[in-house]
Amino acid sequence: MDNLALQWRSLASFAVYRLLIAIMLVIGFWGFNRLQLVGASSPLLAGPVIFAYAVAAIAMFVTAKMRVPSPGVHLTTQVLVDVIGLTLLMHASGGARSGIGLLLLVTLAAAGLVSRGRMAFFHAALAALAVLGEQAWQFLQLDASAGEFVPAGLLSGSFFVMGGLGYTLAKYATGVEKIAEARGVDLANMAEINQLVIRDMQDGFVVVDEQGIIRQHNEQSEEMIAGLKDSTNRQILEVAPQLAGLLAQWRKNHSRIFPMVRDAVTQTDYQVRFVAVGEKNPSPTVVFIEDAGRIRSQAQQMKLVALGRLTASIAHEIRNPLSSINHAAELLQEDDHRLPGDARLLTIIQENSHRLDRMVQEVLNLNRRDRAHPEAIDAKAYLDQFLAEFIANEKISANVMSLTISTARRIIFDRSHLDQILWNLVRNACRHSKKAIGSVSVKLLETNISNMAKLTVIDDGPGVSTEALTHLFEPFFTTETSGTGLGLYIARELAEVNGAHIEYIADRTPAAARGAEFCITLQLQ
């Protein structure tokens, strides 16, 4: 609520108070006229004054609701109505001893608070002049005693006391309001910062109260634990029993450290950490959920940075002696006087030299993986040409390969990077397939997501073992004695540079009768 609206609301409340006073005066004068509660000295004057005061009170309430005129003028008018009306009633009731003047104390206090103290002493002066003037009239015209000036003076002095009190309270209220406003801005900023931190934090978190009810959680926690979706104000045991079990164990032993856990639905590995809020037992708890895959990736990146610096510095130094070894092996192989067993040894030397050379080349390519130049590629023409070149170079039957394309749109990718990725995937598929008709299938299908497609490579081999799944895209991991273990890692890195994503599809239906399936999610033009 803004300041102007608050002022008019206060003025309306002030007008309601005046209406109540007017009703009480009407009841006291006409309802109990025999008792002469009001207007005992001059009933003929009291009646019209009370009527006029009631009409003015109604008018003040109506204009306050209409918000006319300005707040300052409206407040002063209300005070004048009270000063004039109550002073005349005090005169008609016998002067200051009637007690009606005490009602002006409430008026002045309310006026001081509404005006924030700016007009408090002015209003007090008006009321004091009116009371002292009425008492002087009583003394000069109606033979009142001089001693009656004492209560009138005390009443007038109390007006200034009340004005000063109103001014002090108004200043205090203004200071408190400024502090509250500043605190409100700070709290709003903190709330906004908290929302930004919660929204952008990589880890998930769940706030659970002492009864096990989820009070708050973020979207990241839902991505790792499927049951947490729309789980606010629900029992954690109901939506995430596995996490609830870990929480129950931790509450029994706060020093316990839990191993990595996998969610059955999202297939996400996560690590949990519990932090108690307060000293109660059990206490409200904040559960931090860390993505174990991200942690492994960060550790792997750190390892690769150190490894890259080492390998990049020695790769060039390795290639020169390696070339000399290979060249010397070729010269020895041309020697007609070599022993019969030397041919096998020379073959071993050459094969391992070629393997080391290939590994050095792939290590050097790691430093160039971020140099992507995406272009719009005609999918059908590209894949037809790629498979033709692959069949010719790998010397396999064309019947082994099958190609399915369900889109005429172009794909957005760096052509050389796509060559390297597909060559690696298709070569692995051929190596592990049965090499029968249609053993290796390459498919390009549009997805339900706008401007996205899936390029899959499927074989009918044994697939990837469960033990190897977690290490599939790690560098230098290989199940082949002649492999370098960098092919799939480089393929994933190149895919991410081009805004694509490569993954191994582990959940396959038995009816598919297929082995391994690698899927590249990429962009369409």
Could you walk me through whether Ile520 and Lys454 pass the side-chain contact (heavy atoms from CB on, under 4.5 Å) check?
CA-CA 6 Å; Ile520 308 170; Lys454 288 185 179 295; over 6 Å; no

pair [X]-[Y]: side-chain heavy atoms closer than 4.5 Å:
X      : Y      : value
Leu455 : Leu522 : yes
Pro71  : Trp8   : yes
Arg215 : Val208 : no
His91  : Val49  : no
Val286 : Val206 : no
Val131 : Phe159 : yes
Glu375 : Asp414 : no
Phe51  : Leu25  : no

Tell me every residue that passes side chain to side chain donor-acceptor pair (under 3.5 Å) with Ser450, counting only those two or more places apart in sequence or in another chain.
none

With sequence neighbours excluded, residues passing side chain to side chain donor-acceptor pair (under 3.5 Å) with Arg409
Asn451

Could you check whether atom [atom1] of [X] has more than 12 heavy atoms from other residues, nucleotides or ligands sitting under 6.0 Å from it?
X      : atom1 : answer
Gln211 : CD    : yes
Glu503 : CD    : yes
Met452 : CE    : yes
Leu20  : CG    : yes

Within the 3.5 Å criterion, strictly below it, is a donor on [X] or [Y] matched to an acceptor on the partner's side chain?
X      : Y      : answer
Thr407 : Glu446 : yes
Lys443 : Thr456 : no
Glu496 : His501 : no

Apply the test side-chain contact (heavy atoms from CB on, under 4.5 Å) to residues Asp82 and Leu103: give CA-CA distance (whole Å), side-chain angles for both, the deciding distance (0.1 Å), then the verdict.
CA-CA 9 Å; Asp82 281 352; Leu103 293 174; over 6 Å; no

Tell me whether Gln523 contacts the main-chain N or O of Ala453 through its side chain, where contact means a donor paired with an acceptor under 3.5 Å.
no

Can you spot which of Phe288, Tyr270, Phe274 makes a ring pair (Phe, Tyr, Trp, His ring centres under 6.0 Å) with Phe258?
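By the ring pair (Phe, Tyr, Trp, His ring centres under 6.0 Å) criterion, Phe258 pairs with just one of Phe288, Tyr270, Phe274: Phe274.
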
To the nearest 0.5 Å, what is the distance between [atom1] on [X] and [atom2] on [Y]?
X      : Y      : atom1 : atom2 : result
Leu86  : Arg18  : CG    : CZ    : 8.5 Å
Asp230 : Ile214 : CG    : CD1   : 11.0 Å
Ile377 : Phe413 : CD1   : CZ    : 8.0 Å
Asn498 : His417 : CG    : NE2   : 6.0 Å
Gln216 : Asn233 : CD    : CG    : 10.5 Å
Glu290 : Arg273 : CD    : CZ    : 6.0 Å

Closest approach of [X] to [Y] (non-hydrogen atoms, all atoms of both residues):
X      : Y      : value
Ile490 : Gln420 : CG2-NE2, 3.5 Å
Leu228 : Ser231 : O-OG, 2.6 Å
Ala276 : Ser283 : CB-OG, 3.3 Å
Ala109 : Met162 : CB-SD, 3.6 Å
Leu444 : Ala379 : CD2-CB, 3.3 Å
His123 : Ala111 : ND1-CB, 3.7 Å

Kindly determine whether His373 and Arg415 satisfy side-chain contact (heavy atoms from CB on, under 4.5 Å), including the steps that lead there.
CA-CA 8 Å; His373 303 284; Arg415 187 179 295 270; over 6 Å; no

Could you walk me through whether Phe473 and Tyr489 pass the ring pair (Phe, Tyr, Trp, His ring centres under 6.0 Å) check?
CA-CA 5 Å; Phe473 290 96; Tyr489 171 75; 9.2 Å; no

Working note: Tyr53 + Ile21, criterion side-chain contact (heavy atoms from CB on, under 4.5 Å); need CA distance, chi angles, decisive distance, verdict.
CA-CA 9 Å; Tyr53 184 79; Ile21 296 299; 4.0 Å; yes

Solution key, residues 236-249 side-chain donor-acceptor pairs under 3.5 Å, sequence neighbours excluded:
| unit_1 | atom_1 | unit_2 | atom_2 | d |
| --- | --- | --- | --- | --- |
| Glu238 | OE2 | Arg234 | NH2 | 2.9 |
| Gln249 | OE1 | Arg256 | NH1 | 2.7 |
| Gln249 | OE1 | Arg256 | NH2 | 3.1 |

